[in-house]
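Heads up, the thing below is written out as structure tokens.
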Amino acid sequence: MSLESVRQFFAEHAPEIEIIEMAQSTATVEMAARVHGVTPGQIAKTLSLKVKDEVVLIVTRGDARLDNRKLKATLGAKARMLSVDEVVNWTGHPVGGVCPFGLENPLKVYCDESLRHFEEVLPAAGAIHSAVRITPQRMAELTHAQWVDVCEAV
């Protein structure tokens, strides 16, 4: 179902973007980078967080780590990672396939500045064996994301 919601999202909003489906899993940054032949930084990982009573998504480069101090300053409160069940319930995507496209619920999306280092990134596409190739700017436009600086320097 999740991959289908991403297919529908792209059919409606960006039909020129193709979903890449692989036979092997791309559920981790390292696996995805190896399968797609890119650096781990080019894998755009989507983190699902709860800040106060709001669930938000932060998309960052695959080799970046959240800086809790920057995150709290930017979002106004301490954040916690969602549990596996919460991720599926809120996004409709399985862990390892979470992306900011075709979401089960409308969620605020943030793109970390670290993504701008790359001309093209590969976020998942709703399944542990799927991805899309997209510019960071286009991803932010399609998801109405706000650009933030919430990661440690890489």
Side-chain angles (χ1 to χ4, degrees), residues 2-3 5-7 9-10 12-22 25-51 54-82 87 90-154:
S2 185
L3 178 58
S5 69
V6 174
R7 267 193 225 293
F9 176 89
F10 283 114
E12 292 173 15
H13 303 287
E16 75 283 3
I17 296 176
E18 293 183 35
I19 294 176
I20 304 162
E21 293 185 73
M22 306 301 282
S25 175
T26 55
T28 68
V29 168
E30 293 75 20
M31 293 165 90
R34 189 169 44 254
V35 168
H36 293 290
V38 297
T39 66
Q42 280 183 271
I43 302 303
K45 65 182 174 185
T46 303
L47 304 172
S48 307
L49 305 170
K50 188 159 192 178
V51 182
E54 183 180 25
V55 172
V56 301
L57 300 180
I58 297 184
V59 186
T60 185
R61 60 185 284 161
D63 58 359
R65 292 182 51 151
L66 286 177
D67 180 318
N68 289 324
R69 195 173 73 244
K70 285 182 178 181
L71 189 63
K72 185 176 179 181
T74 301
L75 301 181
K78 191 174 178 179
R80 75 164 177 85
M81 298 289 275
L82 295 185
V87 169
W90 280 99
T91 68
H93 304 319
V95 171
V98 177
C99 63
F101 317 111
L103 298 167
E104 180 77 21
N105 296 287
L107 299 173
K108 191 176 287 185
V109 177
Y110 297 94
C111 285
D112 187 73
E113 291 288 338
S114 64
L115 291 167
R116 292 188 197 250
H117 179 78
F118 302 102
E119 289 183 25
E120 181 180 74
V121 294
L122 286 97
I128 62 167
H129 56 79
S130 66
V132 295
R133 289 183 177 268
I134 191 169
T135 66
Q137 188 59 41
R138 182 77 168 126
M139 179 171 58
E141 289 167 4
L142 287 171
T143 61
H144 308 287
Q146 178 182 336
W147 286 99
V148 294
D149 178 11
V150 294
C151 288
E152 296 175 3
V154 177

(request) Work out which heavy atom in Thr46 is nearest to a heavy atom in Cys99; give both atom names and the distance. (result) OG1-CA, 3.6 Å
(request) Quick one: pull up NE2 in His93 and OG in Ser130 and give me the separation to the nearest 0.5 Å. (result) 9.0 Å
(message) What's the separation between atom CD1 in Ile17 and atom CZ in Phe101, rounded to the nearest 0.5 Å?
(response) 6.5 Å
(request) In plain terms, say whether Glu120 and Arg138 are close enough for a salt bridge, that is, a side-chain N and a carboxylate O under 4.0 Å apart. (result) no
(message) Between Asn105 and Trp90 (side chain of the first, backbone of the second, donor and acceptor by atom type, cut-off under 3.5 Å), is there such a pair?
(response) yes
(request) Given side chain to side chain contact (heavy atoms under 4.5 Å, CB included), test Val109 with Val59 step by step and report yes or no. (result) CA-CA 8 Å; Val109 177; Val59 186; 4.2 Å; yes
(message) So which atom in Leu115 and which in Met139 form the shortest heavy-atom distance, rounded to 0.1 Å?
(response) CD1-CE, 3.7 Å
(request) Measure across Val121 and Pro136 and return the closest heavy-atom pair with its distance rounded to 0.1 Å. (result) CG1-CG, 4.0 Å
(request) Please answer whether the main-chain N or O of Gly126 pairs with a side-chain N or O of Ser2 as donor and acceptor at a distance below 3.5 Å. (result) yes
(request) Can you spot which of Leu71, Leu57, Val55 makes a side chain to side chain contact (heavy atoms under 4.5 Å, CB included) with Leu49? (result) Leu71
(message) With rounding to the nearest 0.5 angstrom, report the OG1 to CD distance, Thr74 to Gln146.
(response) 8.5 Å
(message) Give me the atom names and distance for the closest heavy-atom approach of Thr143 to Pro100.
(response) CG2-O, 3.5 Å
(request) To the nearest 0.5 Å, tell me how far His36 NE2 sits from Arg133 CZ. (result) 7.0 Å
(message) Tell me the closest heavy-atom pair linking Gly41 and Arg61, and the distance in Å.
(response) O-CB, 3.1 Å
(message) Treating Lys45 as the side-chain partner and Ala64 as the backbone partner, does any N or O pair qualify as donor plus acceptor under 3.5 Å?
(response) yes
(message) Is it the case that atom CZ in Arg80 sees more than 12 heavy atoms from other parts of the structure closer than 6.0 Å?
(response) yes
(message) Side chains of Val132 and Leu122, heavy atoms from C-beta outward: is any pair under 4.5 Å?
(response) no
(message) Is the shortest side-chain heavy-atom distance between Leu142 and Ile134 below 4.5 Å?
(response) yes
(request) Test side chain to side chain contact (heavy atoms under 4.5 Å, CB included) on Val6 and Ile19 and set out the steps. (result) CA-CA 9 Å; Val6 174; Ile19 294 176; 3.9 Å; yes
(message) Distance check, rounded to the nearest 0.5 Å: Thr135 atom OG1 versus Arg116 atom CZ?
(response) 10.5 Å
(message) Give me the atom names and distance for the closest heavy-atom approach of Thr26 to His129.
(response) OG1-CA, 3.6 Å
(request) Answer yes or no: is there a side-chain heavy-atom contact under 4.5 Å between Leu3 and Glu21? (result) yes
(message) Can you confirm whether Arg7 sits close enough to Phe9 that some side-chain heavy atom of one is under 4.5 Å from a side-chain heavy atom of the other?
(response) no
(request) Return yes if some donor-acceptor pair links the side-chain N/O of Thr91 with the main-chain N/O of Leu103 below 3.5 Å, else return no. (result) no
(message) Is there a side chain to side chain contact (heavy atoms under 4.5 Å, CB included) between Val29 and Asp63? Walk through the geometry before answering.
(response) CA-CA 8 Å; Val29 168; Asp63 58 359; 5.7 Å; no
(message) I need the Thr39 OG1 to Arg34 CZ distance, nearest 0.5 Å.
(response) 14.0 Å
(request) Return yes when atom CD of Gln137 has more than 12 non-hydrogen atoms of other residues, nucleotides or ligands closer than 6.0 Å, and no otherwise. (result) yes
(message) Strictly below 4.0 Å, N to O, side chains only: are Lys70 and Glu113 in salt-bridge contact?
(response) no
(message) Is it the case that atom CD in Glu12 sees more than 12 heavy atoms from other parts of the structure closer than 6.0 Å?
(response) yes
(message) Quick one, Asn68 and Lys72 - any side-chain contact, counting heavy atoms below 4.5 Å?
(response) no
(request) Would you check if the side chain of Asp67 reaches a backbone N or O of Val150 as a donor-acceptor pair within less than 3.5 Å? (result) no
